[in-house]
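Values below: every heavy atom of this structure, side chains too, minus hydrogens, waters and symmetry copies. Labels below follow one simple rule: chain letters A, B, ... track the order of the sequence lines, proteins then strands, and each chain is numbered from 1.
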Amino acid sequence: MPGTLSTLKQGGEPVRRAIRRARWFLSTFRDFVTEAEAGTGARFALDDQKLMAAFSAWYRAFEAQRDSARDHRFDYVTFASGLMLRELVRHAPLTLRSAPEAQQSEAPSEFWPEGFVYVRFCLAVRDAVLEQDFQLHEDTAPEMGDLRTWWSFRENVQDDVDSAIAFLELFAGETPNWTMPSVFKPHRDDPRLAAAARPMEVDKKPG
Amino acid sequence: MKPLPTPPSPRTLALPLRDLLRGVRQSGLLPRSVVGPALDALPPPLRHALEDITGTEAQDAELPADVIARASAALRSGNGASSDMAAALSHAITAQSPAPLVSETVVALCWRSARGGPDAAARFLAAMDDHPPFGEAPGFLSDTAPDATAARRRTLLSAILWLLADRAGGDVTEADLLHIAAGIATDLEPDASACWTDPATLQALLVSGAGRI
């Protein structure tokens with residue numbers, strides 16, 4: 001299963017900017033799914049229209065709260081990844097065509113293959129931005145491999161798709177905002193940022 | 001309905017002939033076997049037009065990259081040839097809409113009325129909405145039902161966004177760019193309709209939308 005910066009397409013633009021271009025988002029997601037298929041043996045059908053709708057919805061949600069995050073960019077990276085997960089879950093562009101080759105009976109990738117790809121993709125984008133802009137190398141939280149958490153994740157997003165944002169925070173090892181997950185609320189000043197050599201530049205371009 | 005923009009000299013615009021031939025094609029395709037043997041004997045302009053009528057592979061051909069590049073540059077700068085713009089818009093509309101007829105002449109007239117300013121793309125879009133270059137009677141009749149208006153605007157928005165898109169890198173095909181532009185247009189259409197008569201705001205929306213491609 002892919003999941004690191006090296007698997008994301010690298011062009012001349014930083015990932016935080018490239019991800020706001022539909023062509024990059026679509027092609028990167030396609031490649032990510034292809035690699036996921038190769039890694040797990042699962043086969044997915046990808047609906048381009050639903051993927052495009054997910055991108056558009058994410059872009060709007062991302063832009064809507066961006067101004068409130070000017071002073072909390074680290075937290076907003078994770079929040080924006082959560083918004084992306086919410087829209088992927090909502091629009092569901094992937095459909096499983098054939099199940100992954102069974103290796104572990106309790107692997108989340110077998111329990112919910114589509115959801116597992118969505119989560120890994122969003123975490124990969126988050127990790128890429130954090131690595132490029134903050135020189136931070138993130139590890140996923142233990143909950144990522146916990147089947148009970150995945151049961152809860154799948155069940156909760158069916159009732160309230162906004163909860164996907166909080167679950168992304170949980171999988172990323174951050175403190176989830178369970179009460180109002182769709183409203184950006186900076187959690188804390190991460191002490192690691194003080195040591196970051198190159199903080200994220202101010203993005204003034206709307207696009 | 002607003003009056004059509006002042007028509008240019010027919011000598012400088014060879015488009016009406018193509019529109020006319022498209023109209024003929026609309027009433028029924030001629031089998032290639034009927035006119036095929038005579039095609040090679042005709043001068044190129046007429047031969048190409050007849051190939052359109054007979055439904056040969058010519059009508060499915062990709063639009064030349066230099067035409068797209070010139071039309072794209074023209075839309076960004078606000079100045080450029082009507083013929084390139086007409087060909088590019090016609091291609092974009094035909095690729096995404098089952099419209100029975102596209103008039104390059106109307107596209108060219110709309111572009112001539114809009115070009116020359118910083119918000120040329122917005123005014124071009126509005127001109128084509130007033131005089132739709134595709135439909136039952138291009139340039140004259142437009143369906144004013146809300147659904148039809150939204151669908152028409154999505155088609156026109158797609159074409160404009162496609163032309164405004166950044167092509168640096170060349171990592172994506174024109175067909176893919178157009179597909180993505182259509183997706184962005186679907187999302188932007190309500191916002192665009194809200195500022196349709198405000199060229200400056202609409203222009204900013206178009207530039208921003210194209211940046212998402």
Participant: With a 4.5 Å limit on heavy-atom distance, are the side chains of B:Thr186 and A:Gln49 in contact?
Facilitator: no
Participant: Looking at every non-hydrogen atom in both residues, tell me the closest pair between A:Met52 and B:Ile180 and how far apart they are.
Facilitator: CE-O, 3.7 Å
Participant: Counting heavy-atom pairs under 4.5 Å with chain A, which one of B:Ala182, B:Gly183, B:Ala165, B:Ala210 comes out on top?
Facilitator: B:Gly183
Participant: Locate the shortest heavy-atom distance separating B:Arg212 from A:Ser56; write the atom from each residue and the value.
Facilitator: NH2-OG, 3.8 Å
Participant: Is a donor on one side and an acceptor on the other found under 3.5 Å between the side chain of A:Arg60 and the backbone of B:Asp187?
Facilitator: yes
Participant: Which atoms of A:Phe25 are under 4.5 Å from chain B, going by heavy atoms: the side chain, the backbone, both sets, or neither?
Facilitator: neither
Participant: Do other residues, nucleotides or ligands put more than 12 heavy atoms under 6.0 Å from B:Asp147 CG?
Facilitator: no
Participant: Which heavy atom in B:Asp166 sits nearest to a heavy atom in A:Arg21, and how many Å separate them?
Facilitator: OD2-NH2, 4.1 Å
Participant: Around A:Trp151, counting heavy atoms of other residues, nucleotides and ligands shown, do more than 12 lie under 6.0 Å from its CH2?
Facilitator: no
Participant: Measuring heavy-atom distances to chain A, does B:Asp176 have an atom under 4.5 Å in its side chain, in its backbone, in both, or in neither?
Facilitator: neither
